[in-house]
Amino acid sequence: METPLTRLVGVRHPVVQTGMGWVAGPRLVSSVANAGGLGILASATMTLEQLRQAVHEVRDRTDAPFGVNLRADAGDAGDRIDLLIKEGVRVASFALAPRQELIAKLKDAGVVVIPSVGARRHAEKVAAWGADAVLVQGGEGGGHTGPVATTLLLPQVVDAVDVPVIAAGGFFDGRGLAAALAYGASGVAMGTRFLLTSDSSVPEEVKKVYLGMTETVVTRQVDGMPHRVLRSDLVNELEGAGRISGLVRALRNAARFRKISGMSWRAMLADGRAMKHGKDLSWSQVLMAANTPMLLKAAMVDGRPDLGVMASGQVVAVIDDLPDCAELIGGIVAQAAEVLARQPSYLVR
């Protein structure tokens with residue numbers, strides 16, 4: 001199945017695995033790449049040296065193209081971009097729009113730039129700055145998300161830009177891929193569906209929690225911004241927490257993340273200022289953002305869903321198996337081809 005996305009990045013199938021923190025590591029990314037999709041390493045929870053090692057590990061596991069997801073507002077974003085260029089990584093994806101000069105630097109080095117957007121105006125902006133494609137996530141998606149459904153946001157963006165559009169938020173099978181292509185997208189991106197594969201490094205006991213869940217909730221109590229997660233006792237506790245107890249928890253988690261990441265307090269404050277810039281966030285909300293890495297790590301790495309937060313798209317309610325990436329991508333593409341092949345029969349001649 002060839003689309004503008006597959007031609008742009010050099011993969012066989014128009015299926016993207018998103019850069020999920022603590023989840024999208026070398027094992028999952030290389031499995032997706034070997035299955036013909038585009039796997040994306042999540043680097044926000046890695047030090048620069050850990051990112052270098054992760055890129056090398058993916059290279060040892062596959063010869064196929066892959067990408068790295070970056071925080072455009074990170075204090076060392078420039079160093080990370082230099083690393084991607086030096087290592088010959090095919091794709092740089094961004095959760096927030098990178099500055100125009102960063103896009104230009106990557107493109108000059110032959111790296112494909114794919115920012116994620118949640119609004120038509122954001123897509124127009126990054127496309128005008130030279131982005132090679134955009135990933136559009138609707139409100140059904142997990143993690144940080146907006147209020148607009150994919151079925152409304154996607155056609156707006158497809159009509160607004162002339163670069164390939166990748167649809168995210170609510171996709172899990174071949175019918176979704178066929179629908180996205182019918183809307184004018186060049187492929188789909190999935191997070192929760194790839195988290196729930198046998199190739200994912202998420203502990204099995206946590207996967208079982210996901211498979212037994214049918215409800216997600218969008219909360220601001222994780223890091224001050226809308227965040228779609230599984231409904232759990234911990235999330236209910238966070239939702240009911242007062243301002244003081246929430247800030248105490250955030251400070252404690254900030255100290256833990258500082259120890260793991262090796263970042264100085266000065267660097268963390270600099271990142272906080274970068275997050276705050278251009279956003280309607282209080283300093284209390286910026287401080288709360290320290291919750292995210294550690295609360296996600298507790299579940300996704302340590303296997304403690306009772307102590308951690310589990311980001312999830314609404315599709316969790318319809319997922320009941322753990323295929324490997326080859327089975328998943330192969331099945332999605334085959335089903336999409338079957339669905340698309342039936343469409344001419346609907347036309348009245």
Distance alone, cut at 3.5 Å: any donor-acceptor contact between the side chains of [X] and [Y]?
X: Ser116; Y: Gln137; value: no
X: Thr216; Y: Arg228; value: yes
X: His227; Y: Gln221; value: no
X: Asn34; Y: Arg61; value: no
X: Asp324; Y: Ser198; value: no
X: Thr219; Y: Glu239; value: yes

Hey, are [X] and [Y] close enough for a salt bridge, meaning a charged N less than 4.0 Å from a carboxylate O?
X: Glu49; Y: Arg52; value: yes
X: Asp82; Y: Lys105; value: yes
X: Asp321; Y: Arg193; value: yes
X: Lys207; Y: Glu204; value: yes
X: Arg304; Y: Asp306; value: yes
X: Asp302; Y: Lys297; value: yes

Flag the pair [X] / [Y] as yes when at least one side-chain heavy-atom distance between them is below 4.5 Å, and no otherwise.
X: Val16; Y: Leu5; answer: yes
X: Val68; Y: Val55; answer: yes
X: Leu96; Y: Arg71; answer: no
X: Glu87; Y: His56; answer: yes
X: Arg90; Y: Val111; answer: no
X: Val9; Y: Pro65; answer: no
X: Ile114; Y: Val134; answer: no

Would you say that more than 12 heavy atoms from the other residues, nucleotides or ligands in this model lie under 6.0 Å from the [atom1] of [X], or not?
X: Asp60; atom1: CG; answer: yes
X: Arg121; atom1: CZ; answer: no
X: Asp63; atom1: CG; answer: no

Heavy-atom pair with the smallest gap, counting every atom of [X] and [Y]:
X: Leu328; Y: Phe172; answer: CD1-O, 4.4 Å
X: Met1; Y: Val333; answer: CE-O, 4.0 Å
X: Val58; Y: Pro26; answer: CG2-CA, 3.6 Å
X: Val157; Y: Ala123; answer: CG1-CB, 3.6 Å
X: Ser43; Y: Asn69; answer: OG-O, 2.6 Å
X: Val15; Y: Ile332; answer: CG2-CG2, 4.4 Å

Do [X] and [Y] belong together in a cluster built from hydrophobic side chains that touch within less than 4.5 Å?
X: Leu70; Y: Phe66; result: yes
X: Leu8; Y: Val188; result: no
X: Met190; Y: Leu230; result: yes
X: Val206; Y: Leu196; result: yes

Exercise. To the nearest 0.5 Å, what is the distance between CD (Gln314) and OG1 (Thr150)?
Worked result: 9.0 Å
Do [X] side-chain atoms and [Y] backbone N/O form a donor-acceptor pair below 3.5 Å?
X: Ser31; Y: Arg27; value: yes
X: Gln50; Y: Thr47; value: yes
X: Gln17; Y: Ile40; value: yes
X: Ser232; Y: Val235; value: yes
X: Thr192; Y: Gly313; value: yes
X: Trp22; Y: Thr45; value: no

